[in-house]
Amino acid sequence: IDVAKMPWAVFIGTFCHFVIMPLLGLTITLLFDFPPEVAVGILLIGACPSGLSSTVMVYIANANLALAVSIAAVSTLAATVMTPLWVNLLAGSMIDIQLTAMVMDVVKIVLIPIGAAILHDYLKTYAGVRGRRTVQLLAGICALWLIYMSSGGWDYLFDNASADVQMYAVVLNFVTGGIVWALFYNWLYSRVEGIQKIMPTISMIGIIFFTTTAAAAGRDNLLQVGFLLCFAMLLHNLGGFLIGYLMSRWIFRMDEQSSRTVAFEVGLQNGGMASGLAAAMGKLATVGLASAVMTPLGNVSGSLLANYWRKKDARKAQTANKDK
């Protein structure tokens, strides 16, 4: 609904995000002499969608919250194609990038969890008796499939299959798992009070786990390039805020609140997704370093910027009241 109300603003925010951050990441890798796989990590996080904390920052900054949610949703869906394409284009000469495999990894990390959330929302809000029974039947079939897979079915069907067939089979297993999880969570939601308040905390714990794991795995590399990488990621983050705000405000003539929103949606990246993709490549200790550094840096800088804008609005309101 929000996308339909402000399609141009959502397009601008998504366009700025997927143009500014990848090209800014490329510029940084050209300016600094990082090892190839560390440089790929910078390009990877630059090509990822908006970060999970951006909406919180927008709320604190008194910006356009509906626009923030819309840009985050659209950029996350667009990342299924845009992230692998940008990484392949910018980093394909540094390491071997399997484009199809990366698309499938994004599907597993991003689209399937989103699909499970949508299915839960359908069961919670829209499904009648017939719709619920259909989902239960489908989830039952999926559960039987997963039981079969875990009890030897994988070896029988896919052990001697090609790598591509195995890759698609893994995605199929993720899809079936997502359907089963959606039904289970919907059942849990109806019986455990406050479960919805707990899930964001669990999500945050998962992000912290991936970030700390990446930092720990890449300890030796981090000791070599740590300070320079922190400086580079801070430039990447602050550059995203600045260019996103200026482009939306000066070039596209958006209002102040919407321009603030675009700044946060551009400057804050999905570090959890970047770490997950680095882990899927088997290069968490190198490619995953940039996301491990940028995620906490972005949260700190974003909080400072959001509070600055909030205090600025408070001072402006106070001055206006005095003039009256």
Side-chain angles (χ1 to χ4, degrees), residues 48-49 52 72-73 76-81 83-84 98-127 130-192 195-211 213-214 270-282 284 288:
C48 282
L52 300 178
T76 300
L77 292 174
T80 309
V81 175
T83 299
Q98 300 295 327
L99 185 60
T100 304
M102 181 171 282
V103 171
M104 293 299 103
D105 288 333
V106 176
V107 168
K108 290 185 292 186
I109 294 170
V110 177
L111 284 193
I112 292 175
I114 290 176
I118 292 173
L119 183 56
H120 159 67
D121 191 62
Y122 166 74
L123 291 170
K124 180 181 70 173
T125 310
Y126 303 106
R130 185 175 179 181
R132 181 171 288 276
R133 286 178 178 173
T134 301
V135 174
Q136 288 172 344
L137 175 62
L138 181 60
I141 295 171
C142 291
L144 290 175
W145 171 261
L146 291 174
I147 292 171
Y148 174 65
M149 283 290 99
S150 61
S151 60
W154 176 271
D155 294 336
Y156 180 73
L157 293 177
F158 302 115
D159 193 43
N160 296 319
S162 66
D164 286 344
V165 171
Q166 290 183 348
M167 177 179 65
Y168 292 123
V170 169
V171 174
L172 175 62
N173 289 342
F174 268 78
V175 171
T176 56
I179 294 172
V180 172
W181 169 253
L183 183 64
F184 172 73
Y185 179 73
N186 181 258
W187 173 83
L188 203 63
Y189 174 83
S190 64
R191 284 164 175 77
V192 180
I195 184 67
Q196 199 166 10
K197 296 179 180 178
I198 299 172
M199 294 309 293
T201 303
I202 295 175
S203 175
M204 188 60 66
I205 290 172
I207 294 171
I208 294 171
F209 171 78
F210 265 112
T211 303
T213 300
N270 192 329
M273 176 179 167
S275 296
L277 290 173
M281 294 179 190
L284 188 61

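Starting from 1, each residue takes its place in the sequence as its number. Hydrogens, waters and symmetry mates play no part in the numbers below; they use all other heavy atoms, side chains included.
Here the closest non-hydrogen pair linking Gln166 and Trp154 is O-CH2, 3.6 Å. Closest approach of Ala182 to Leu119, counting heavy atoms only: CB-CD2, 3.7 Å. Nearest heavy atom pair, residue Tyr189 against residue Ile195, reads CA-CG2, 3.6 Å. Between Cys48 and Thr83, the closest heavy-atom pair is CA-OG1, 3.8 Å. When all heavy atoms of Met149 and Leu157 are compared, the closest pair comes out as CE-CD1, 3.8 Å. The minimum heavy-atom distance linking Lys108 with Pro113 is given by the pair O-CD, 3.3 Å.
Separating the CG atom in Asp164 from the CE atom in Met104 is a distance of 10.0 Å, to the nearest 0.5 Å. We find the CG-CG distance between Leu123 and Leu183 to be 6.5 Å, quoted to the nearest 0.5 Å. Atom-to-atom distance recorded for Leu277:CG and Ile109:CD1 is 4.0 Å, nearest 0.5 angstrom. Atom CG of Asn173 is separated from atom OH of Tyr168 by 15.0 Å, given to the nearest 0.5 angstrom. Taking CH2 from Trp145 and CD1 from Ile179, the interatomic distance works out to 13.0 Å, rounded to the nearest 0.5 Å.
Looking at Ser151, its side chain does come within 3.5 Å of a backbone N or O of Tyr148 through a donor-acceptor pair. Formation of a donor-acceptor pair under 3.5 Å by the Ser150 side chain with backbone atoms of Ile147 is found in this model.
Residues Leu111 and Val106 are not in side-chain contact: their nearest non-hydrogen atoms beyond the backbone lie 4.5 Å or more apart. Looking only at side-chain heavy atoms (C-beta outward), Met167 and Thr100 come within less than 4.5 Å of each other. For the pair Val81/Val103, no side-chain contact is recorded, criterion being any heavy-atom separation below 4.5 Å from C-beta on. Inter-residue side-chain proximity for Asp105 and Met281 is flagged as unmet; no heavy-atom pair is nearer than 4.5 Å. Tyr126 is listed as a side-chain neighbour of Asp121, based on a closest heavy-atom distance under 4.5 Å. Between Met273 and Thr76 there is no side-chain heavy-atom pair separated by less than 4.5 Å. Two residues are said to be in side-chain contact when any heavy atoms from C-beta on lie closer than 4.5 Å; Phe174 and Val107 fail this criterion.
Within a 6.0 Å radius of CZ in Arg191, other residues, nucleotides and ligands contribute more than 12 heavy atoms.
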